[in-house]
Amino acid sequence: MEQVVKDIAESFGMPVEELTQVVLDGECQSQTIVGLDSLTACEELSIQGCGIASLDNFPNLQALRKLLLADNRIGGACRTSQSSPTSKN
């Protein structure tokens, strides 16, 4: 995932830390979330169809407002982070 994010940033001519929208749909296959810690400005993240089975290592992205996870294999209960300012129970 990390290399795909770097490639996206490079294609836009900006650092990874400044990306506000990232679409990884089907671009990488991983059972866990890895390499997304540097997306500090990301407001919209789409990781649909990437084979994700767990959100256990999902980074705390403070700017994130929209997360798309369709077509993955996430098992167990989904829970929201209590530290997220936009979490709703």
Side-chain angles (χ1 to χ4, degrees):
M1 287 185 175
E2 186 173 10
Q3 186 57 51
V4 176
V5 170
K6 287 179 182 179
D7 292 345
I8 291 170
E10 186 176 306
S11 73
F12 285 108
M14 60 188 352
V16 171
E17 296 81 7
E18 292 181 14
L19 292 174
T20 58
Q21 182 178 22
V22 177
V23 178
L24 301 175
D25 298 355
E27 293 292 324
C28 47
Q29 293 294 311
S30 178
Q31 290 190 357
T32 60
I33 306 288
V34 292
L36 301 181
D37 301 77
S38 58
L39 293 174
T40 54
C42 187
E43 296 176 1
E44 295 184 23
L45 175 61
S46 182
I47 47 178
Q48 300 181 93
C50 292
I52 304 298
S54 172
L55 296 176
D56 287 344
N57 296 319
F58 195 85
N60 187 6
L61 303 176
Q62 292 295 318
L64 191 63
R65 300 291 176 253
K66 185 175 186 179
L67 176 62
L68 301 173
L69 296 167
D71 297 325
N72 284 293
R73 300 173 294 166
I74 301 169
C78 284
R79 56 193 155 131
T80 58
S81 171
Q82 295 299 324
S83 63
S84 175
T86 58
S87 293
K88 294 180 182 177
N89 294 334

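The figures that follow rest on heavy atoms only: side chains count, while hydrogens, waters and symmetry mates do not.
Nearest heavy atoms, S54 versus I33: O-CG1, 4.0 Å. Of all heavy-atom pairs spanning C50 and C28, the tightest one is CB-O, 3.2 Å. Considering every non-hydrogen atom in both P15 and A9, the closest pair reads C-CB, 4.1 Å.
The number of heavy-atom neighbours closer than 6.0 Å to CD of Q31, taken from other residues, nucleotides and ligands shown, is 12 or below. The number of heavy atoms from other shown groups lying within 6.0 Å of CD (E17) is above 12.
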Original post:
Under the side-chain contact (heavy atoms from CB on, under 4.5 Å) criterion, do L36 and L24 qualify, and how do the steps go?
Top reply: CA-CA 11 Å; L36 301 181; L24 301 175; 4.0 Å; yes

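Between L19 atom CG and M14 atom CE the span is 6.0 Å, to the nearest 0.5 Å. Taking CD of E27 as the reference point, atom CD1 of I8 lies at 7.0 Å (rounded to 0.5 Å). The structure places CE of M1 at 11.5 Å from CG of D37, a figure rounded to the nearest 0.5 Å. Here the CD atom belonging to Q62 is positioned 10.5 Å from the OG1 atom belonging to T40, to the nearest 0.5 angstrom. A distance of 11.0 Å separates SG of C42 from CZ of R65, quoted to the nearest 0.5 Å.
Under the 3.5 Å distance criterion, the side-chain polar atoms of D71 are left unmatched by any main-chain donor or acceptor of Q48. Within the 3.5 Å criterion, the main-chain N or O of I52 finds no donor-acceptor partner in the side chain of Q29. A donor-acceptor distance shorter than 3.5 angstrom exists from the side chain of N72 to the backbone of I47, with no hydrogens or angles considered.
Residues V22 and F12 share a hydrophobic cluster, clusters being chains of Ile/Leu/Val/Met/Phe/Trp/Tyr side chains in contact below 4.5 Å.
For the salt bridge (Lys or Arg N to Asp or Glu O under 4.0 Å) test, residues two or more places apart in sequence or in another chain that qualify with K6 are E2.
The closest side-chain heavy-atom distance from L61 to L67 is not below 4.5 Å. Looking at heavy atoms from C-beta onward, L64 lies in side-chain contact with F58 at the 4.5 angstrom threshold. Counting heavy atoms from C-beta outward, Q21 and K66 have side chains that stay 4.5 Å or more apart.
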